[in-house]
Amino acid sequence: MTEPVQPGGGFWNMLRPRNIHSAITSMRGAQTAQQLAFIRSQMKDNRRPEALGTPLNELEVVVFDLETTGFHHQHGDEILSFGAVRAIGERIIEEDEFHMIVNSGAPVPPSITELTGITQAMVDEAPPLVEGLRDFMSFIGGSVLVAHAAAHDRGFLNAALWKTSKVRLSHRLLDTMMLAQKLFPGQTGYSLDELLQSSGIPVEGRHQALSDARMTARLWTRYIREIQERGFAETLGDMYVYLGKD
């Protein structure tokens, strides 16, 4: 569970009239201050209890993926790109997608360029991380989030949100890897590649944020159909109960 957002924190105190000049100066301009304020506003009211009653065939989610400079945000690795696609029930809204490369200030290792195709030159020309976070949060709104091996993506998002805005992710987050483990306990592996293969989903543009988000969305829609057909869950709340069972 993510940490709750504490209202009225130090950020807002900085923006009181007597401190507004120094706050804006320290955040390199009014535009950045507005971006941070928007990010914080997006963290509010994303865990409304009434959402738990939403039928799975009506549930709007944003399936997302991140590419990063490495695998350990605790040791200085940073977000390189965001990819996301919207789905409602079993329907993927293919025209409603988001992709953005960002400059987090960290160098791009050659091994990551080889893996993702993202070069140092691409990052050098990209918008700053805070702008990417603002646009990503604007895209997802208050939707439930879905990712594969979601702890990795949540860790990087939380690190970036805390570094830029002193907030943490407050959205509900579901993990397609956890769903697969519950639905298919006898499978030998649960990596994205293994699940795509076992589900017969073509692999296209692997290790590119938007492509991985699209493929994960296809897994998600198959899994919620499977869950409903087996009678395991009908609503988002049922889904959490199902995932919580031994």
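For the pair Glu131 and Val102, the minimum side-chain heavy-atom distance is 4.5 Å or more. Contact of the Ile101 side chain with the Ser81 side chain is registered, since non-hydrogen atoms from C-beta on lie closer than 4.5 Å. When side chains are defined from C-beta on, Arg206 counts as touching Asp212, because their heavy atoms get closer than 4.5 Å. A heavy-atom distance below 4.5 Å is found between the side chains of Leu56 and Ile227. At a threshold of 4.5 Å between non-hydrogen side-chain atoms, the residues Leu192 and Leu219 count as touching. For the pair Leu145/Val61, no side-chain contact is recorded, criterion being any heavy-atom separation below 4.5 Å from C-beta on. With contacts defined as side-chain heavy-atom distances shorter than 4.5 Å, the pair Tyr223/Leu195 qualifies. Two residues are said to be in side-chain contact when any heavy atoms from C-beta on lie closer than 4.5 Å; Asp77 and Thr69 meet this criterion.
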CA sep, side-chain torsions, deciding dist, call: Gln120, Asp124, side-chain hydrogen bond (donor to acceptor under 3.5 Å, both in side chains): CA-CA 6 Å; Gln120 186 65 55; Asp124 289 342; 2.9 Å; yes
Please walk me through it: do Leu66 and Leu157 pass side-chain contact (heavy atoms from CB on, under 4.5 Å)? CA-CA 9 Å; Leu66 306 175; Leu157 267 182; 4.1 Å; yes
Would Ser198 and Gln187 satisfy side-chain hydrogen bond (donor to acceptor under 3.5 Å, both in side chains), going step by step from the backbone distance to the final call? CA-CA 9 Å; Ser198 65; Gln187 185 147 323; 3.3 Å; yes
Between Ser138 and Asp135, is a side-chain hydrogen bond (donor to acceptor under 3.5 Å, both in side chains) present by the stated rule, with each step listed? CA-CA 5 Å; Ser138 178; Asp135 291 353; over 6 Å; no
Does the pair Lys163 and Glu78 meet the rule for a salt bridge (charged side-chain N to carboxylate O under 4.0 Å, His left out), with working shown? CA-CA 11 Å; Lys163 181 176 76 171; Glu78 298 278 2; 2.8 Å; yes
Between Glu114 and Ser111, does a side-chain hydrogen bond (donor to acceptor under 3.5 Å, both in side chains) hold up when you go through it step by step? CA-CA 5 Å; Glu114 183 177 356; Ser111 59; over 6 Å; no
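Neither Ile93 nor Trp220 shares a network with the other; the hydrophobic side chains, linked directly or stepwise wherever heavy atoms of I, L, V, M, F, W or Y lie under 4.5 Å apart, form separate groups for each. Val62 and Phe156 fall within a single hydrophobic cluster, where Ile, Leu, Val, Met, Phe, Trp and Tyr are joined by side-chain heavy atoms under 4.5 Å apart, directly or via other members. Under the 4.5 Å side-chain heavy-atom criterion for Ile, Leu, Val, Met, Phe, Trp and Tyr, Leu243 and Val241 are members of distinct hydrophobic clusters. The hydrophobic cluster containing Leu59 also contains Tyr240, counting ILVMFWY residues as joined when their side-chain heavy atoms lie under 4.5 angstrom apart, directly or transitively. By the criterion of side-chain heavy atoms lying less than 4.5 angstrom apart, applied directly or through intervening Ile, Leu, Val, Met, Phe, Trp or Tyr residues, Leu80 is not grouped with Met100; the two fall into different hydrophobic clusters.
Of the residues listed (His148, Gln181, Arg218), the one engaging Thr176 in a side chain to side chain donor-acceptor pair (under 3.5 Å) is His148, and it is the only one. Each of Val85, Asp153, Thr216, Leu210 was evaluated against Asp65; a single residue qualifies, Asp153, per the side-chain contact (heavy atoms from CB on, under 4.5 Å) test.
The two residues Leu236 and Ala51 have their closest heavy-atom pair at CD2-O, 3.7 Å. Shortest non-hydrogen contact noted between Ile201 and Met215 is CD1-O, 4.5 Å. Between Leu174 and Ala150, the closest heavy-atom pair is O-CB, 4.3 Å.
Salt bridge absent: Glu94 and Arg214 never bring a charged side-chain N and a carboxylate O closer than 4.0 Å. Using a 4.0 Å cut-off between a side-chain N of Lys or Arg and a carboxylate O of Asp or Glu, Arg222 and Glu90 do not qualify as a salt bridge.
Ring planes of Phe71 and His152: tilted class, angle from 30 to 60°. The aromatic rings of Phe82 and Phe98 stand perpendicular to each other, their planes meeting at an angle above 60°, with 30° marking the opposite boundary.
Note: Phe64 and Phe139 fail the aromatic proximity criterion, with ring centroids not under 6.0 Å apart.
Within a 6.0 Å radius of CE in Met122, more than 12 heavy atoms belonging to other residues, nucleotides or ligands are found.
For the atom pair Glu60 CD and Ile88 CD1, the distance stands at 4.5 Å (nearest 0.5 Å).
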